[in-house]
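Note that these values count all heavy atoms, side chains included, but never hydrogens, waters or copies made by symmetry.
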Amino acid sequence: MLKTKSNDLTQQNLFKAPASGVAHRKFISTFRVALVKDRSVSFNRRCLSNSAQARPLICKLIEEHGNSDREQFCILILSAKNEIIGLNIVSIGALFSAQVAPREVLKAAILANSAALILAHNHPSSDTHPSPKDLAVTEKIIKAASLLDIQVHEHLIVSLFDDNYYSFADNGIIKRIYDKLK
């Protein structure tokens with residue numbers, strides 16, 4: 001039985017008719033959901049085979065369409081053949097963090113019929129080592145994506161000031177998270 005703290009609702013009475021005296025709506029909104037192409041980023045690859053190939057694309061996205069002085073969380077949206085479908089800046093934060101929720105990460109992936117993702121964000125400090133929050137959000141997103149049959153291949157932390165980056169996949173973190181889900 002479903003119970004809430006504020007009242008004693010059960011599954012059986014959730015859909016009962018409203019009490020008399022309650023105004024009935026005559027119109028209910030309908031919605032159309034669409035993915036809209038915003039801009040383009042030029043890039044000479046259609047497919048990616050490693051983290052080093054993904055890094056320049058993430059940097060270019062942030063530099064051309066983001067705010068490089070703040071942390072930004074981005075995704076590369078991939079097809080079943082690992083072809084790049086598109087890019088999305090999910091969140092723009094402050095100097096030390098960008099709030100990100102799995103639902104916001106997965107929204108564009110679902111609309112684009114994505115089979116896989118590469119997660120990425122920049123560290124304006126140029127220190128590309130992951131924080132405990134970076135590790136926690138990666139695990140949370142992978143758990144949510146796996147429920148939707150979307151594979152997370154990678155999470156990159158990039159520096160926009162040099163060629164440094166940190167690869168969660170290259171360091172075995174992505175595999176460990178998936179192993180825990182089994």
Side-chain angles (χ1 to χ4, degrees), residues 35 37-112 114-146 148 150-178:
L35 184 66
K37 179 182 174 183
D38 189 24
R39 298 171 236 170
S40 296
V41 173
S42 64
F43 196 65
N44 61 357
R45 290 190 172 279
R46 188 176 170 115
C47 290
L48 300 171
S49 58
N50 60 51
S51 57
Q53 293 172 347
R55 188 202 66 76
L57 182 55
I58 293 298
C59 292
K60 190 170 191 173
L61 172 66
I62 293 170
E63 289 168 348
E64 291 182 9
H65 301 293
N67 298 315
S68 58
D69 64 332
R70 300 179 211 168
E71 189 167 303
Q72 289 156 98
F73 196 96
C74 311
I75 57 172
L76 274 75
I77 305 166
L78 305 172
S79 72
K81 294 179 181 179
N82 288 328
E83 294 174 333
I84 302 168
I85 295 172
L87 305 163
N88 181 242
I89 297 176
V90 176
S91 175
I92 298 174
L95 182 61
F96 298 112
S97 68
Q99 296 295 321
V100 64
R103 68 181 290 139
E104 298 304 318
V105 171
L106 297 172
K107 191 183 299 182
I110 291 167
L111 291 173
S114 173
L117 293 174
I118 293 175
L119 312 175
H121 72 281
N122 66 312
H123 277 180
S125 68
S126 291
D127 178 4
T128 57
H129 289 88
S131 70
K133 282 185 178 181
D134 292 336
L135 296 167
V137 77
T138 303
E139 186 168 348
K140 200 172 184 182
I141 291 167
I142 288 173
K143 285 179 182 178
S146 68
L148 301 170
I150 297 173
Q151 180 76 31
V152 175
H153 291 320
E154 175 68 276
H155 185 167
L156 294 174
I157 301 173
V158 300
S159 167
L160 300 177
F161 303 107
D162 52 37
D163 291 338
N164 289 331
Y165 70 95
Y166 183 91
S167 164
F168 284 57
D170 293 349
N171 285 283
I173 295 170
I174 300 291
K175 182 181 181 323
R176 278 198 301 273
I177 293 170
Y178 275 108

Answer whether the closest heavy-atom distance between the side chains of L117 and L106 falls below 4.5 Å.
-> yes
Per the side chain to side chain donor-acceptor pair (under 3.5 Å) rule, which among R55, E154, H155 passes with S167?
-> E154
Taking all non-hydrogen atoms of both residues, which atom of Y165 and which atom of L156 are closest, and how far apart?
-> CD1-CD2, 3.8 Å
Measure the acute angle between the ring planes of H129 and Y166, then classify it against the limits of 30° and 60° as parallel, tilted or perpendicular.
-> tilted
For residues Y178 and I150, report the shortest heavy-atom separation together with the two atoms involved.
-> OH-O, 4.1 Å
Greater than 12 external heavy atoms within 6.0 Å of Q53's CD = yes
Has the side chain of D162 got a donor or acceptor atom that lies under 3.5 Å from a matching backbone atom of N164?
-> yes
Flag side-chain contact, heavy atom, 4.5 Å: N82 against L48 = no
Out of S126, C59, S68, which one pairs with F161 under the side chain to side chain contact (heavy atoms under 4.5 Å, CB included) rule?
-> S126
How many angstroms lie between CD1 in I84 and CG in L78, if you round to the nearest 0.5 Å?
-> 7.0 Å
If you measure from CZ on F168 to CG on L135, what distance do you get to the nearest 0.5 Å?
-> 5.0 Å
Side-chain heavy atoms of I157 within contact of P130, under 4.5 Å | yes
Between CD1 on residue I89 and CD1 on residue I62, distance to nearest 0.5 Å = 6.5 Å
When rounded to the nearest 0.5 angstrom, what is the spacing between CD1 in I173 and CD1 in I142?
-> 9.5 Å
Report the distance from atom CG of L76 to atom CG of L87, rounding to the nearest 0.5 Å.
-> 5.0 Å
Would you call F73 and I141 a side-chain contact if the rule is heavy atoms closer than 4.5 Å?
-> yes
Which heavy atom in E71 sits nearest to a heavy atom in P124, and how many Å separate them?
-> N-CG, 3.6 Å
Donor-acceptor side-chain pairing of D170 and S51 below 3.5 angstrom = yes
Any donor-acceptor pair under 3.5 Å linking the side chain of N122 with the backbone of Q72?
-> yes
NZ/K60: more than 12 non-hydrogen atoms of other groups inside 6.0 Å = yes
Any donor-acceptor pair under 3.5 Å linking the side chain of T128 with the backbone of V158?
-> no
Polar side-chain atom of E104 near backbone of V90 as donor-acceptor pair, under 3.5 Å | no
Just how far is it from atom OG of S114 to atom CG of L35, taken to the nearest 0.5 Å?
-> 10.5 Å
